[in-house]
There are 2 protein chains.
Amino acid sequence: MRAYPHPNIDDVAVEHVLHALSDPIRLDIVHHLVREGEASCATLDGGRPKSSMSHHFRVLRSSGLVHTRIAGVQHMNTLRREELDRRFPGLLDAVLNAKSQG
Amino acid sequence: MRAYPHPNIDDVAVEHVLHALSDPIRLDIVHHLVREGEASCATLDGGRPKSSMSHHFRVLRSSGLVHTRIAGVQHMNTLRREELDRRFPGLLDAVLNAKSQG
DNA sequence: GCTATTGTTCGAGTATATTCGAACTATCGA
DNA sequence: TCGATAGTTCGAATATACTCGAACAATAGC
């Protein structure tokens with residue numbers, strides 16, 4: 001594996017971003033990345049099978065939410081925050097600030 | 001039919017709102033409601049079958065996005081804007097302001 | 001080169017969504 | 001009451017998503 005494809009942020013549709021964020025596991029990953037910054041896939045798996053997580057990271061990448069950098073044997077993920085804030089002002093903040101029922 | 005059930009806004013999870021908005025047809029409906037205010041189902045169907053639209057309105061209602069009022073033979077829909085803005089500050093605005101790729 | 005580690009890809013199984021015709025319900029007006 | 005209108009509900013077909021084991025690829029360290 002020799003580096004991931006990442007979409008240009010201007011090519012991602014808001015529907016795809018919303019869909020990516022509508023899954024609880026992926027929303028968890030995003031929250032985690034906000035708190036901790038860069039993190040490997042293993043750090044973010046929450047005990048789930050690697051193949052499942054690989055699927056979720058792919059969705060997060062293809063929707064422009066996450067950037068994955070290969071560092072040796074680990075794949076390090078970051079939120080594409082500045083780009084997303086430019087492309088969809090206020091969206092990420094609003095989602096991240098949404099409290100669970102209450 | 002004697003009035004629809006609408007969830008309490010505090011009981012809706014952000015994941016459900018995001019999922020509801022991630023469908024292009026439903027996002028269209030929401031945009032339409034923002035521009036035009038209250039509208040009947042027929043006004044919003046875009047030529048699609050009524051049974052399909054009925055499904056989408058149900059999703060929009062169950063996620064707390066839309067309120068449906070029965071007025072004679074028509075079912076009039078409105079966005080639950082103030083409630084949503086209180087529950088998820090900035091979310092609806094951010095989604096509505098998202099420009100399609102450009 | 002061998003081995004352990006990290007993560008991908010493939011394929012199949014299951015679950016959830018979407019679509020839409022057909023039959024139905026409710027209301028309005030004549 | 002009859003007919004037209006606006007939507008719902010049901011059921012089935014199809015599509016899309018999620019889950020996860022098994023096999024694979026790439027790197028690091030010895």
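Side chains are part of it too, since the values below use all heavy atoms of this structure and drop only hydrogens, waters and symmetry mates. Note that the structure is predicted; figures quoted are calculated from it, not measured. Labels below follow one simple rule: chain letters A, B, ... track the order of the sequence lines, proteins then strands, and each chain is numbered from 1.
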Ile70(A) CD1 to dA25(D) P, straight-line distance once rounded to whole Å: 15 Å
Not counting sequence neighbours, which residues clear side chain to side chain donor-acceptor pair (under 3.5 Å) with Glu83(B)? List them please. Arg80(B)
For Asp85(A), give me all partners under side chain to side chain contact (heavy atoms under 4.5 Å, CB included), at least two apart in sequence or on another chain. Arg81(A), Leu92(A)
About how many Å separate CD1 of Ile9(B) and CG of Leu84(B), when rounded to the nearest 0.5 Å? 4.0 Å
Which whole-number value in Å describes the distance from His19(B) NE2 to dA15(C) C1'? 13 Å
Is there side-chain contact between Val17(A) and Val12(A), with at least one heavy-atom pair below 4.5 Å? yes
Contact under 4.0 Å: Tyr4(B) side-chain N or O vs dG7(D) OP1/OP2: no
Below 4.0 angstrom, which residues in residues 50-66 of chain B have at least one non-hydrogen atom near DNA chain C? Ser51(B), Ser52(B), His55(B), His56(B)
Nearest-angstrom distance from the residue atom CE of Met76(B) to P of dT27(C): 17 Å
What pairs of nitrogen or oxygen atoms, one from the protein and one from nucleotides 28-30 of chain C, lie under 3.5 Å apart?
none

Quickly work out the Gln74(B) CD to dT5(D) P distance and round it to whole Å. 13 Å
Around His6(A), counting heavy atoms of other residues, nucleotides and ligands shown, do more than 12 lie under 6.0 Å from its NE2? yes
Please tabulate, for the side chains in residues 41-55 of chain B, all donor-acceptor contacts under 3.5 angstrom to protein atoms that are two or more places apart in sequence or on a different chain.
residue	atom	partner	partner atom	Å
Thr43(B)	OG1	Ser40(B)	OG	2.7
Asp45(B)	OD1	Gly47(B)	N	3.0

If you compare all heavy atoms of His56(B) against all heavy atoms of Ile29(B), which two are closest, and at what distance to 0.1 Å? CB-CD1, 4.5 Å
Do the non-hydrogen side-chain atoms of Val30(B) and Leu21(B) ever get within less than 4.5 Å of each other? yes
Looking at CD of Glu15(B) and CD1 of Ile25(A), how far apart are the two atoms once the value is rounded to the nearest 0.5 Å? 11.0 Å
To the nearest Å, how far apart are Arg48(B) CZ and dA6(D) C1'? 18 Å
Could you check which residues of residues 32-45 of chain A get a heavy atom under 4.0 Å from DNA chain C? Sort them by number, please. Ser40(A), Cys41(A), Ala42(A)
Less than 6.0 angstrom separating the ring centers of His75(A) and Phe57(A), yes or no? no
Overall bend - the helix from dG1(C)-dC30(D) to dA30(C)-dT1(D), comparing terminal axes fitted on five pairs, nearest 10 degrees: 30°
Heavy atom of residues 21-28 of chain B under 4.0 Å from DNA chain C: which residues? Asp23(B), Ile25(B), Arg26(B)
Can you tell me the distance, in whole Å, between the NE2 atom of His75(A) and the P atom of dA26(D)? 11 Å
Can I get a per-line list of side-chain donor-acceptor pairs under 3.5 Å for residues 62-70 of chain A, giving both atom names and the distance, sequence neighbours left out?
residue	atom	partner	partner atom	Å
Ser62(A)	OG	Arg58(A)	O	3.3
Ser62(A)	OG	Val59(A)	O	3.1
Ser63(A)	OG	Val59(A)	O	3.1
Ser63(A)	OG	Leu60(A)	O	3.2
Thr68(A)	OG1	Arg61(A)	NH1	3.0
Thr68(A)	OG1	Asn77(A)	OD1	2.8
Arg69(A)	NE	Glu38(A)	OE2	2.8
Arg69(A)	NH2	Glu38(A)	OE1	2.9
Arg69(A)	NH2	Glu38(A)	OE2	3.1

What residues form a side chain to side chain contact (heavy atoms under 4.5 Å, CB included) with Ala98(A), not counting sequence neighbours? Val14(B), Phe88(B)
So the ring-ring contact (aromatic ring centres under 6.0 Å, His included) pairs with at least one residue in residues 17-49 of chain A (sequence neighbours excluded) are none
May I have the distance from Leu18(B) (atom CG) to dA17(C) (atom C1'), rounded to whole angstrom? 17 Å
Quick check on the hydrophobic clustering: are Val73(A) and Met76(A) connected, directly or via other members, by side-chain heavy-atom contacts under 4.5 Å? no
Not counting sequence neighbours, which residues clear salt bridge (charged side-chain N to carboxylate O under 4.0 Å, His left out) with Arg26(A)? List them please. none
Judged by atom type as modelled, is there a donor-acceptor pair below 3.5 Å linking the side chain of Asn97(A) to the main-chain atoms of Asp93(A)? yes
